[in-house]
Engineer: 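Below is a structure I'd like to ask you about.
Residue numbering restarts at 1 for every chain, and letters A, B, ... go by the order of the sequence lines. Just so you know, these numbers come straight off a predicted model, no measurement behind them.
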Amino acid sequence: MLKSDVDIVKVIESKFGDKVQIQLGLLGTAAVNTNGLHREILKAMVDADEKTGITAITGVDLGANLGVIYHVHTAKGFFGLRAEVPKEKPRIQTITDIIPGAAFHELEVTDFFGVVFEGNELKGHFLLSEYWPEGIYPLRKNVNPAEVKLNPAPPEEKMHEDRKIVKFIIGPQHPALLEPEKFAVTVDGEVVTKVEPRIGYVHRGIEKSAESRSYIQDIYLVERVCGICNPCHAYGFVGAVEKILKTDVPPRAKYLRVISLELNRLHSHLLTLGHAGLEIGYETLFQYFWRDREPIMDLIELTSGNRVYASLMTIGGVRRDLKDTDVPKIKTTLAELRKKLPFYRKVYTEEPSIRARMQNEGVLSRADAIKLCVVGPVARGSGYDIDVRKDDPYEAYGEIPFKEIVYDSGDTWARQNVRMDELEQSINIIEYALEHMPKGPFRVDVSRYVPAGEAINRVEAPRGELFYYVKGNGTASPERVKIRTPTYANIPAFLKTAIGENIADVPPNFVSLDPCFSCTDR
Amino acid sequence: MWKRTVSHIFTKPATTKYPFVKPKLADDFRGKPEWTTKTCNMIDLSGTQREMGFDVQAFLNTNCTVCCRDCPANAIEIVEIDGRKRPQFDLNKCIFCNQCIESCPRNAIKGTNIYELATTDKGSLVLKPTLKEAKKQ
Amino acid sequence: MAVDFWLIERILIFPGFTFILLLTLFCDWVERKIEARIQNRVGPLVAGPIGLFQPMADFIKLLTKEEIDPRDAKKTVFKFAPLVAFTIMVFAMCFLPIDGASVISSGGFNGDLIVILTFSTIASFLLFLSGWASSNPYGTISSARVLTQFLGYDIPLFIIALTPAFIAGSLSIFAIAGYQVNKAVPFIIMAPWAFVLFLITMQAELEKDPFDVPDAESELVGGLETEYTGAKLAFLHLTRDVQIVFGAALIVELFLGGPYGPVIGGLPAFWYSLWFVLKLLAVVIVTEYVTTLFARLRIDQVLSANWKIILPLAVLSLMLTVAMVTWVYPLV
């Protein structure tokens with residue numbers, strides 16, 4: 001159900017004619033074989049539509065060549081630009097001068113596949129640890145990670161180099177972060193001048209691991225990329241596989257999936273809003289938000305059997321049905337949560353200490369947001385109105401009315417307000433879905449062997465747009481699973497907004513982009 | 001805000017005092033899977049099912065091992081007990097996804113909502129399907 | 001030299017060291033319970049009946065842990081600063097009249113208000129030194145913040161503490177407390193503006209929310225306590241708790257009439273101690289309530305609040321008190 005923007009396809013056709021091949025309907029709106037012209041095509045797209053940005057860059061091992069697929073989103077469409085480089089000389093030109101937000105994605109492909117992007121070279125490792133030897137690229141098919149010999153311990157970093165400028169390390173273990181990542185913050189007095197990230201502490205090799213397991217096992221593997229947004233990951237994978245299989249999911253299953261995804265959004269936003277309170281020292285607010293999150297966890301347990309890992313999605317539908325006796329319980333809990341929302345809204349707008357700490361801090365302008373390709377509430381808090389549920393409706397979102405929340409100021413306060421308002425929208429969506437739940441089966445049987453083909457799927461996770469690319473090859477295991485998580489796209493925004501502010505504002509600013517490092521590192 | 005905080009001093013705390021008070025769980029809470037011997041139809045198989053790569057021929061010719069193949073955590077192992085090959089559940093590795101319950105074509109595995117499985121002896125968490133255990137069920 | 005057993009008993013047991021220690025642990029329990037109840041939680045529950053032994057259990061647990069000293073820390077300061085700070089705070093507490101007489105004297109001396117305020121400043125300074133000696137960037141930044149904050153807020157603290165001294169006409173704590181009893185009107189009613197300002201300034205001195213900056217967990221990991229382990233950490237925590245009790249006791253003495261209150265049926269020492277403890281608990285509950293109510297301000301906001309708001313208000317309050325004493329009170 002893509003709203004395709006035929007104008008962009010026309011632009012590409014008119015400018016490049018027969019030098020490229022366009023296949024409509026594949027990989028989104030269209031897949032384009034660039035034949036070495038990826039920079040020119042991207043430049044043409046950026047000129048034609050200001051909301052063009054990179055969603056992900058996938059590396060694929062195609063035997064003799066390495067494929068690089070640029071997944072580009074525009075205002076109304078989604079494109080896959082294919083490029084290929086030979087394995088002996090894997091060099092390709094970078095696109096970071098056209099779209100700065102592609103930097104992290106290119107570094108990842110370099111780290112995993114060995115493709116060198118000229119103009120954005122990687123020194124050392126990006127996601128892999130320092131113990132991993134150079135020159136061995138784990139996601140290539142000939143590499144078996146179990147047989148790789150790791151390097152001995154890398155040399156220690158010296159901390160105090162220059163006494164005047166203090167390099168202040170946030171992480172890897174730090175009370176401000178839920179998960180380990182290292183940010184070397186260079187501080188001049190109390191003002192931040194530079195932030196250097198080092199990610200990859202939670203890297204578990206899930207993409208490689210998915211290639212040696214069956215599709216059913218992969219649902220559970222992929223779910224465990226992140227604990228907070230796990231149904232979104234499960235749905236991302238399952239949706240892509242269903243597109244390759246070309247199966248249609250029964251309508252009841254679609255509504256049940258929407259309910260599971262929106263319950264997940266509720267609990268995740270309550271978690272973040274509480275965590276934001278903790279960062280500014282407001283423990284009372286933190287405890288209140290988490291107290292109100294507990295009934296939602298109980299609802300998730302009621303509908304799916306477990307408080308955290310919902311494990312509700314499967315290929316072909318959902319695994320269990322919603323009992324009619326459970327529906328009143330869901331409605332009462334949601335009604336109680338709805339009654340508490342005005343209190344929280346009042347606290348956020350009127351409490352002086354929150355406004356003093358959060359307003360006008362960590363400002364991300366709309367132009368920066370578009371250039372850095374940020375997603376989710378971070379984008380919607382800066383006036384950049386992207387939401388996969390509206391731009392590219394999936395499951396039952398096309399039939400359910402709800403509002404897209406956008407704030408314009410771009411500071412920490414705006415982002416948290418976006419999440420606060422989305423709470424109410426989620427409650428509306430769940431109630432509507434419960435009212436209009438169609439009857440019928442909740443699951444269809446599918447074959448275990450997925451034919452050769454590739455598909456993409458985009459989900460609006462609580463933190464932003466989650467992107468999946470799955471390629472099947474006719475066996476019972478996928479050939480390539482590529483996951484692009486929202487926090488991965490949002491970290492460059494933090495590197496930009498942290499510059500020039502106090503150290504004391506770095507944690508609230510950081511938490512406002514809702515980091516989830518398990519997602520980032522996979 | 002200050003009104004709410006004062007009133008909270010006098011309201012009941014929201015904490016449930018686990019483990020002194022146990023919570024009430026739904027029946028279909030995903031807890032420990034239990035295996036019943038009656039319907040699992042494991043017959044003599046050649047040794048190919050131990051590998052986790054898919055062996056199409058073995059799958060099509062034999063009656064089962066679906067639980068073993070579908071387990072995402074590789075927690076089910078086929079062992080030979082009392083002359084027949086049966087699945088052995090290693091609860092140390094189990095992630096309680098209940099996929100085995102769904103996959104079993106003969107409904108031989110039942111779900112329970114037992115989750116208090118903490119123990120000091122890891123060996124006791126490996127459920128061996130012996131006849132003695134079968135009788136207990 | 002005759003050994004004065006009475007004096008030794010007063011110093012060591014009541015109202016001396018043991019009493020102060022137990023009072024500190026009890027106030028810690030009260031704080032945690034109040035904070036928990038406001039946050040709709042239970043608070044300490046399991047250690048002892050309704051969790052009363054929890055602070056004691058925490059203290060003993062820390063004493064049993066291994067002590068790790070960083071290689072680059074300044075050894076002597078690192079090891080002894082917490083202990084000396086604790087000692088000084090307990091010594092400062094010994095000047096306050098608790099059961100009608102203080103630990104070491106029965107009448108105090110003129111000027112002991114300034115002495116104990118100085119002791120409190122020295123103890124805070126020692127806490128700053130302990131963070132500074134840790135050779136850890138978190139400790140360094142945090143101790144710099146501690147120093148800035150408590151030195152800045154000491155000025156309005158002294159000025160406002162002079163208000164009851166001015167009304168009572170003496171710098172002796174006994175005289176101030178006694179004045180309130182003689183006139184049967186505690187200073188909280190005679191000079192309420194000073195009371196409110198003193199509470200706010202005391203919040204800042206004690207580093208409680210919203211002036212929680214040096215203890216900012218989310219940025220500075222442990223603040224000054226980052227490198228401390230084992231018994232030294234136990235004494236650091238205890239010093240902070242004794243500071244809270246000291247601050248509350250000072251408020252009780254200066255504004256609420258000290259330990260004096262109605263004595264029912266003889267035994268003035270018992271009743272005075274009881275009133276003292278009850279008033280202390282009331283002040284602790286109020287300050288803890290204010291702590292849970294607010295978020296944490298940034299260091300520059302804390303400092304601008306001091307120099308732009310609190311200090312001018314303190315000076316104004318003193319001028320207002322002088323005016324009231326000279327012209328208004330003789331009429332009443």
Side-chain angles (χ1 to χ4, degrees), chain A residues 209-210 212-224 230 234 282 284-285 287-288 290-295 297-299 301-312 314 319-323 325-326 329 340 343-344 346-348 350-354 443 448-449 474-477, chain B residues 1-9 11-18 23-33 49 51-60 65-76 93-105 110-115:
Chain A
S209 183
S212 52
R213 291 164 184 266
S214 69
Y215 282 92
I216 293 203
Q217 291 175 323
D218 273 342
I219 305 177
Y220 299 98
L221 177 69
V222 144
E223 210 182 30
R224 276 145 181 82
N230 59 84
Y282 211 166
T284 314
L285 195 65
Q287 299 281 5
Y288 284 174
W290 281 51
R291 174 205 59 193
D292 290 326
R293 183 176 163 253
E294 283 300 309
M297 306 295 280
D298 288 338
L299 279 187
E301 184 188 323
L302 195 65
T303 50
S304 71
N306 198 323
R307 275 163 56 99
V308 180
Y309 282 115
S311 292
L312 198 60
T314 188
R319 286 169 71 197
R320 56 165 79 188
D321 200 0
L322 185 65
K323 296 199 275 276
T325 47
D326 289 339
K329 263 184 261 185
K340 297 209 164 97
F343 164 68
Y344 288 124
K346 217 164 71 129
V347 166
Y348 256 86
E350 291 175 14
E351 185 68 31
S353 35
I354 289 188
R443 192 175 177 169
R448 278 170 185 264
Y449 297 92
T475 61
S477 300
Chain B
M1 182 81 173
W2 62 271
K3 272 189 284 201
R4 190 65 71 101
T5 46
V6 169
S7 69
H8 272 135
I9 305 183
T11 49
K12 193 160 148 326
T15 323
T16 47
K17 298 192 175 119
Y18 185 84
K24 186 167 171 327
L25 292 170
D27 288 330
D28 51 5
F29 180 81
R30 270 186 274 131
K32 178 182 91 155
Q49 74 278 9
E51 302 152 20
M52 277 329 293
F54 256 61
D55 186 349
V56 178
Q57 287 303 110
F59 174 72
L60 289 178
T65 69
V66 180
C67 58
C68 178
R69 289 164 195 276
D70 274 351
C71 178
N74 301 339
I76 307 183
K93 297 189 193 159
C94 177
I95 59 175
F96 301 99
C97 64
N98 287 7
Q99 178 67 43
C100 47
I101 299 177
E102 261 181 51
S103 311
C104 179
K110 189 167 65 91
T112 61
N113 61 1
I114 302 172
Y115 63 95

Engineer: Determine the option with the most heavy-atom pairs under 4.5 angstrom with chain B, choosing from A:Arg213, A:Arg224, A:Glu223.
Structural biologist: A:Arg224

Engineer: With rounding to the nearest 0.5 angstrom, report the SG to CD distance, B:Cys67 to B:Glu102.
Structural biologist: 13.0 Å

Engineer: Which region of B:Gln99, side chain (C-beta onward) or backbone (N, CA, C, O), has a non-hydrogen atom less than 4.5 Å from a non-hydrogen atom of chain A, or is it both or neither?
Structural biologist: both

Engineer: Keeping the roles fixed (side chain from A:Tyr220, backbone from A:Ala234), state whether a donor-acceptor pair exists under 3.5 Å.
Structural biologist: no

Engineer: Give a yes or no on whether the backbone of A:Glu301 and the side-chain of A:Ser304 come within a donor-acceptor separation of less than 3.5 Å.
Structural biologist: no

Engineer: Chain B heavy atoms under 4.5 Å from A:Tyr309: which part of the residue, side chain, backbone, both or neither?
Structural biologist: backbone

Engineer: Where the side chain of A:Asn230 meets the backbone of A:Ala310, is there a donor-acceptor pair that is under 3.5 Å apart?
Structural biologist: yes

Engineer: Looking only at heavy atoms and a cut-off of under 4.5 Å, which of A:Thr475, A:Asn306, A:Leu221 has the most pairs with chain B?
Structural biologist: A:Asn306

